[in-house]
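Throughout, residue positions are numbered sequentially from 1 according to the sequence presented. All values below were derived from every heavy atom in this structure, side-chain atoms included, with hydrogens, water molecules and symmetry-related copies excluded.
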Amino acid sequence: QVQLVESGGGLVQAGGSLRLSCAASGLTFSSYYMGWFRQAPGKEREFVAAISTSGRRTYYADSVKGRFAISRDNAKNTVYLQMNSLRPEDTAVHYCAASQTYTARDYSYDYWGQGTQVTVSS
């Protein structure tokens, strides 16, 4: 069965950095577009970033553009989210997801991880 397992979350001060990882199994990873989403308490889940199957194309939400970087290693079946200049408003559970289309729409993603908590203190 398909599994997406996130890691790398934690508590960091504002201005700090974290690198999230998402290890995939049970699917042909290189055939899937990958995305990161997040959900803060009391808010709807929102798109963060997406990456094409080859890794050559990336797309970001305006709120993280210039601060976050998505990348992937198809040999390791892993997608990453490098988060720099973190702000308190980045506090949320962060999820990775796999899709057969290159999209920011969460309903187009077929598989989801369990999420990893990112907390940014001011």
Side-chain angles (χ1 to χ4, degrees):
Q1 89 242 30
V2 176
Q3 280 194 313
L4 301 178
V5 180
E6 300 97 335
S7 61
L11 173 64
V12 65
Q13 288 189 332
S17 298
L18 283 174
R19 188 194 195 203
L20 305 184
S21 299
C22 171
S25 61
L27 77 171
T28 305
F29 181 74
S30 59
S31 297
Y32 280 82
Y33 299 90
M34 299 298 295
W36 286 95
F37 292 79
R38 65 187 183 186
Q39 187 166 22
K43 294 188 177 181
E44 292 189 354
R45 185 167 58 193
E46 65 173 357
F47 169 77
V48 175
I51 189 166
S52 64
T53 53
S54 66
R56 285 193 289 268
R57 288 185 294 161
T58 57
Y59 178 63
Y60 298 93
D62 287 344
S63 59
V64 306
K65 203 172 293 182
R67 300 188 298 123
F68 290 13
I70 187 172
S71 61
R72 65 190 296 161
D73 185 338
N74 286 344
K76 295 183 178 179
N77 288 359
T78 301
V79 62
Y80 305 97
L81 185 67
Q82 177 67 45
M83 305 185 295
N84 299 325
S85 302
L86 282 161
R87 304 167 180 168
E89 53 264 39
D90 294 318
T91 295
V93 178
H94 285 65
Y95 300 89
C96 71
S99 173
Q100 295 186 61
T101 59
Y102 187 52
T103 179
R105 297 183 176 91
D106 59 356
Y107 56 79
S108 293
Y109 283 77
D110 303 305
Y111 304 106
W112 292 81
Q114 83 290 347
T116 186
Q117 176 70 46
V118 171
T119 303
V120 185
S121 63
S122 56

Please answer whether the main-chain N or O of [Y] pairs with a side-chain N or O of [X] as donor and acceptor at a distance below 3.5 Å.
X    : Y    : value
R72  : S52  : yes
E6   : G115 : yes
T119 : T91  : no
N74  : T53  : yes

Could you measure the distance from the [atom1] atom of [X] to the [atom2] atom of [Y]? Nearest 0.5 Å is fine.
X    : Y   : atom1 : atom2 : result
S63  : F68 : OG    : CZ    : 7.5 Å
E44  : Q39 : CD    : CD    : 8.0 Å
N77  : S30 : CG    : OG    : 7.5 Å
I51  : Y33 : CD1   : OH    : 11.5 Å
Q117 : L11 : CD    : CG    : 9.5 Å
Y107 : S99 : OH    : OG    : 10.5 Å

Linked, directly or transitively: [X] and [Y] (ILVMFWY side chains, under 4.5 Å):
X    : Y   : result
Y32  : V2  : yes
V118 : F37 : no
Y60  : W36 : yes
V120 : L20 : yes
Y109 : V93 : yes

Residue pair R38, D90: steps toward the side-chain contact (heavy atoms from CB on, under 4.5 Å) verdict
CA-CA 9 Å; R38 65 187 183 186; D90 294 318; 2.9 Å; yes

Residues, nucleotides or ligands: over 12 heavy atoms within 6.0 Å of Y102 OH
yes

Are there over 12 heavy-atom neighbours, none belonging to K65, within less than 6.0 Å of that residue's NZ?
yes

Heavy-atom closest contact ([X] atom, [Y] atom, distance):
X    : Y    : value
M34  : I70  : O-CD1, 4.0 Å
T101 : S108 : OG1-CB, 3.9 Å
F29  : D73  : CE2-O, 4.0 Å
L4   : A24  : CD2-CB, 3.4 Å
A50  : T103 : CB-O, 4.0 Å
L86  : R67  : CA-NH1, 3.9 Å

